[in-house]
Q: 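Please see the structure below; I have some questions.
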Amino acid sequence: MEQLIHQQWLIPIFPLIAAAIQSLLPRKARKLSATLCIGAMAISCVFALRAFLASYGGAHGHEVEHHAERVFTTFTWFSFGTTDLTMGFLLDPLTAAMAAMVTFVGLMIFINATGYMAEDENFTRFFCFLSLFAAAMLGLVVANNLLMLFMCWELVGLCSYLLIGFWYFKPSAAAAMKKAFITTRIGDVGFFIGILLLYWQTGTLDLYTVDGTGALQQADKLAGLAGWWGLSMASFIALMLFIGAMGKSAQFPLHVWLPDAMEGPTPVSALIHAATMVAAGVFMVGRMFPLFIAEAGNWVMDVVLWVGCFTALFSATIAVAQFDIKRVLAYSTCSQLGFMMMGLGAEGLTGGQFHLLTHAFFKALLFLGSGCVIIGTHHEQDMRKMGGLRKYMPITFVTYVIGMLALAGFPGTAGFFSKDLILLNTFHASKLAWGLATFAAFLTAFYMTRQVFMVFFGTWRGGVGEQHGHPPSPHGFGAAHEPHEVPWNMWVPIAVLSLFAIGLGWWEHGYHHFVAPQEVIPADGKGMVMGLSVLVGLLGILCGWLIYGRKTLAHATDPDPLQAMLGAPFTWLNRKWYIDEIYDATIIYVTGVLGRFFRLVDKVVVDGILHAIAWVAWGISQVTRWVGDEFLINGGFDTGCESVRGWGRIFSKLQSGRVQSYFRVLGLGVALLFLLYYLK
Amino acid sequence: MNAAFWILSAMSLIGALLAISLRNLVHCVLSLILFFLGIAGHYFLLRADFLGAVQILIYIGAVAVLILFAIMLTRNVTGTEGPRELFGLGWWTGLGTALIVAAVVWVTVDSAPQAATRSPGQAVSSVEQIGKSLLNQWVVPLEVLGVLLTAALIGAVVIALEEVVRRR
Amino acid sequence: MSITLGQYLILSGILFAVGLCGALTRRNAIIVLMGIEIMFNAGILNLVVFWHYQHFATLTPQMFAIFAIAVAAAESAIGLALVIAIYRHYKSVDVDEMRALKG
């Protein structure tokens with residue numbers, strides 16, 4: 001493992017090189033671009049798996065007591081004066097598992113994307129951005145240094161911006177890309193303050209160093225220092241870092257960008273907004289966990305817990321009332337991230353991080369599946385216009401149902417194990433939160449079932465639809481306007497992912513031992529919690545079947561049965577609790593006013609000063625011109641010339657051509673000589 | 001003897017002054033002749049007999065006549081010159097220069113002690129002596145002088161020749 | 001009291017100055033030449049005066065004087081010939097009009 005850490009840089013480097021090459025490719029080089037992207041990711045996957053196996057092998061060595069080490073390396077990035085800025089790589093269980101997940105799921109998504117973006121003319125640019133994102137995300141994961149982490153954090157934010165607004169000519173996409181970037185930036189303010197405080201208090205940005213002076217290694221020392229708001233310095237820094245995580249992982253109130261991010265292509269949604277980037281916030285909290293738990297009984301963990309809990313419930317309620325297939329999944333992601341945060345807040349590092357891992361697999365599966373549905377139905381995204389797709393797209397249907405079961409926590413699936421662990425930890429932290437989380441789990445099962453029934457069961461409501469100019473599908477499935485199954489490069493990845501969605505959960509114990517062996521998972525109430533979570537999961541599926549499965553929608557324009565039942569609250573949920581409108585009226589409005597005010601200040605004060613300076617400069621130049629140039633130089637020069645000419649005129653009179661005047665001068669000269677001679 | 005000096009000095013001085021100030025050219029020449037006479041007289045007074053004779057012969061007999069001829073040949077109709085520039089810059093320059101020269105000479109002479117006390121010598125020159133030395137000691141300069149005079153003669157003739165001759 | 005050297009020299013100096021004044025002042029070329037003649041004579045007078053008062057053993061100053069007179073005469077002949085030639089060209093003997101070499 002020692003020599004492996006010095007090759008840790010190989011994990012993010014290949015996608016970076018690929019992105020650099022792809023950025024120079026012409027638009028026609030589609031095959032080359034996709035090959036570079038997928039190839040680079042595959043190589044990174046190999047190295048990540050190698051690192052994972054080496055790290056895991058260390059965990060399950062021949063000695064019973066031997067557990068996974070943490071190895072790291074740092075190098076100087078640049079130095080100024082006497083201080084150095086260092087960056088470094090880390091290989092520990094958390095990193096190993098995360099890197100393996102990111103590369104593998106990413107690889108699946110990239111393969112699927114070759115099918116999804118096949119008809120798009122900006123294919124090459126898309127894969128370039130995907131490579132860049134992969135490089136940045138992997139850099140974030142293997143970083144041993146807050147500076148490097150923050151740089152990669154911002155880079156993934158940039159890639160998210162670029163990819164959400166991939167179809168930038170759509171106004172909704174352009175608005176969404178800005179919203180995503182700005183909202184996450186608000187969170188990043190807190191993150192940056194946290195980094196600065198950490199650097200100030202510990203004097204280093206490295207997380208782990210050889211001599212124990214790493215930022216995380218000094219967590220106990222920081223816990224002893226006093227911060228603000230009744231917290232120790234460690235906890236205050238943790239709070240600031242959590243604000244950054246809130247932005248990136250779309251926790252309430254900074255969640256507003258995630259649903260709008262669905263404007264981007266579906267592979268983007270799968271990769272960035274389900275599996276990896278939004279998980280970066282959770283990952284970062286997990287990475288910085290020593291800071292969070294350094295001070296016993298601090299209220300930052302409560303903040304994390306309740307923010308996560310509220311987000312989980314809040315997003316789940318909204319997901320129930322959405323009609324766009326991707327919006328449901330977006331709010332579901334938001335909700336599941338809330339679960340993860342809640343788990344971390346309950347001091348359950350294992351639970352939160354394991355759920356992150358499993359969620360990445362089945363959420364990517366679900367998103368890619370929805371992508372297949374969208375392609376199969378010729379870019380239809382409204383669920384009311386779908387239906388009965390299980391006849392047309394059987395493979396997609398099967399894998400999608402597997403994903404849905406995993407998300408709903410059906411016993412045996414991956415989601416069941418991880419969500420159960422979170423609920424157990426939460427039960428011991430706060431009963432109220434646990435109760436709300438259980439209700440959110442119920443809603444999760446419910447809305448996923450609703451989605452599956454609306455999309456795959458019943459009759460096809462899309463019908464005649466618009467003209468697409470879409471050529472008959474090459475494999476001859478269905479007619480031009482009927483949905484069809486997707487090609488192999490789209491369904492093979494989701495099939496692979498579905499295997500993990502089923503099987504990954506069984507690794508829970510191994511993961512716990514691997515990542516956080518010192519953590520104690522409470523055993524009280526385990527059976528009760530597990531039983532209750534199974535119960536609410538099945539209950540949710542049952543309710544979904546009752547409302548949506550028994551009698552499916554006949555036409556696209558039929559009202560939603562739940563809407564008929566609930567009436568006005570349904571609209572309120574459908575409109576996302578009017579959060580966007582509230583923000584618009586308050587924060588955006590105030591920002592707009594401030595913006596206009598500062599524009600005025602800029603115009604009057606700044607421009608005024610500028611104009612004044614320019615005017616003064618102009619005035620000085622004019623004066624210089626008059627005095628210096630006109631008067632002194634021109635005038636002086638002219639006067640000089642004139643005087644020379646004048647003297648010339650005078651002296652030229654001596655050359656009169658008259659002999660007598662020459663004679664006179666001669667005589668005068670001689671006389672004067674005589675005079676001088678005499679006077680001597 | 002002094003009286004002769006004063007009379008002759010007055011004659012030459014007046015002659016010179018008139019020669020340069022009179023308007024009528026012929027009058028100028030005539031006063032010039034008076035001047036020459038005065039100088040000749042001075043020569044006689046200074047016991048340079050031959051020189052005095054030569055002065056009269058050459059200057060009055062040749063040069064003055066030559067000037068008269070020149071005046072006659074270059075006459076304006078009235079024989080007088082045009083408007084004078086009396087008191088012009090040139091006039092003052094000339095006058096000033098002359099005055100300076102005169103003043104310097106006068107003062108120099110006055111300040112030299114020898115000039116006051118020197119008495120005339122007893123040297124006498126006779127024509128015979130002059131003739132002998134001309135042909136013995138001074139024969140080469142004599143011949144050169146002859147050549148010079150010949151050259152001057154020919155030159156004057158050539159210069160003053162009428163152009164009518166050249167146009168042929 | 002006999003006439004001293006100084007008095008003679010003053011006389012010749014004054015005569016020279018008169019001649020100089022005439023040469024510098026008058027506009028007629030012939031008068032200018034006359035002024036030059038006056039200057040010449042004053043100079044030659046000076047020579048003879050010095051011969052007389054300086055007790056020269058030889059006749060050298062007289063010889064000098066004779067030659068000077070001869071040269072002066074030649075010079076005045078040439079000068080007047082020039083004046084005549086100029087008169088033919090300019091139709092006047094006013095020196096102020098002869099400024100072809102102006103500049």
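Just so it is clear, the values below take in all heavy atoms, side chains as well, and ignore hydrogens, waters and symmetry mates. Convention: sequence-line order gives letters A, B, ...; per-chain numbering from 1. Owing to the predicted nature of the structure, the values given are computational and were not obtained by experimental measurement.
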Q: Look at the rings of C:Tyr8 and B:His42 and say which category their plane angle falls in: under 30° parallel, 30 to 60° tilted, over 60° perpendicular.
A: perpendicular

Q: If I take atom CZ from residue B:Arg47 and atom CD from residue C:Gln62, how far apart are they, to the nearest 0.5 angstrom?
A: 12.0 Å

Q: Return the minimal non-hydrogen interatomic distance between B:Leu149 and C:Ala74, and the atom names on each side.
A: CD2-CB, 3.8 Å

Q: C:Gly22, C:Ala23, C:Gly19, C:Gly13: which one forms the most heavy-atom pairs within less than 4.5 Å of chain B?
A: C:Gly22

Q: Of all heavy-atom pairs between B:Ala152 and C:Ile78, which one has the smallest distance, and what is that distance?
A: O-CD1, 3.2 Å

Q: Are B:Leu13 and C:Val18 side-chain neighbours, meaning at least one heavy-atom pair lies under 4.5 Å?
A: yes

Q: Which atoms form the tightest heavy-atom contact between C:Arg26 and B:Ala19, and what is the distance?
A: NH1-O, 4.5 Å

Q: Starting from the C-alpha separation in whole Å, work towards a yes-or-no answer on side-chain contact (heavy atoms from CB on, under 4.5 Å) for B:Ile20 and C:Thr25.
A: CA-CA 9 Å; B:Ile20 66 165; C:Thr25 308; over 6 Å; no

Q: Drop me the distance from C:Leu45's CG to B:Ser12's OG, to the nearest 0.5 angstrom.
A: 7.5 Å

Q: Within the 4.5 Å heavy-atom criterion, are B:Thr74 and C:Arg88 side-chain neighbours or not?
A: no

Q: Testing the basics here: between C:Ala81 and B:Ala160, what is the closest heavy-atom pair and its distance to 0.1 Å?
A: CB-CB, 4.1 Å

Q: Side chain from CB out, backbone as N, CA, C, O: work out which of these in B:Ile58 comes under 4.5 Å of a heavy atom of chain C, or both, or neither.
A: side chain

Q: List the atom of C:Ile84, the atom of B:Ala70, and the distance in Å for their closest heavy-atom pair.
A: CD1-CA, 4.4 Å

Q: Measure C:Val32 against the heavy atoms of chain B and call it side chain, backbone, both or neither at under 4.5 Å.
A: neither

Q: CZ/B:Phe35 to CD/C:Glu37 distance, rounded to the nearest 0.5 angstrom?
A: 9.5 Å

Q: Is there a side-chain contact between C:Leu11 and B:Phe5, using heavy atoms and a 4.5 Å cut-off?
A: yes

Q: Quick one: what part of B:Leu66 sits under 4.5 Å from any heavy atom of chain C, side chain, backbone, both or neither?
A: both

Q: If you define the side chain from C-beta out and look only at heavy atoms, does anything of C:Thr60 sit under 4.5 Å from B:Gln137?
A: no

Q: Work out which heavy atom in C:Trp51 is nearest to a heavy atom in B:Leu46; give both atom names and the distance.
A: CZ3-O, 3.7 Å

Q: Would you say that C:Leu80 contacts B:Phe69 through its side chain, given a criterion of any heavy-atom pair below 4.5 Å between the two side chains?
A: no

Q: Kindly compute the distance separating CG (C:Asn41) from CG (B:Leu32), expressed to the nearest 0.5 Å.
A: 8.0 Å

Q: Let me know if B:Ala62 has heavy atoms under 4.5 Å from chain C in its side chain, its backbone, both or neither.
A: neither

Q: With a 4.5 Å limit on heavy-atom distance, are the side chains of B:Phe50 and C:Leu59 in contact?
A: no

Q: Show the numbers, then the answer: is there a side-chain contact (heavy atoms from CB on, under 4.5 Å) between B:Val105 and C:Leu9?
A: CA-CA 8 Å; B:Val105 170; C:Leu9 290 179; 5.6 Å; no

Q: Find the one option among B:Leu142, B:Ile130, B:Ile100 whose heavy-atom pairs under 4.5 Å with chain C are most numerous.
A: B:Ile130

Q: Which one, B:Gly155, B:Gly15, B:Pro141, leads in non-hydrogen pairs under 4.5 Å with chain C?
A: B:Pro141

Q: Do B:Ile39 and C:Leu15 come within less than 4.5 Å of each other through their side chains, counting heavy atoms only?
A: yes

Q: Considering only heavy atoms, which portion of B:Leu73 lies under 4.5 Å from any heavy atom of chain C: side chain, backbone, both, or neither?
A: both

Q: Give, as side chain, backbone, both or neither, the part of B:Val29 having an atom under 4.5 angstrom from any heavy atom of chain C.
A: both

Q: So how far is it from C:Met34 CE to B:Ile67 CD1, rounded to the nearest 0.5 Å?
A: 6.0 Å

Q: Heavy-atom pairs under 4.5 Å with chain B - which of C:Ile14, C:Val49, C:Val83, C:Val48 has more of them than the others?
A: C:Val48

Q: Is any side-chain heavy atom of C:Leu24 closer than 4.5 Å to a side-chain heavy atom of B:Leu95?
A: no

Q: Please report the interatomic distance CD1(C:Ile66) to CG(B:Leu134), rounded to the nearest 0.5 Å.
A: 5.5 Å

Q: Looking at C:Phe64, I want to see if its CZ is surrounded by more than 12 non-hydrogen atoms of other residues, nucleotides or ligands under 6.0 Å.
A: no

Q: Sort C:Ile44 into side chain, backbone, both or neither according to what part of it lies under 4.5 angstrom from a heavy atom of chain B.
A: both

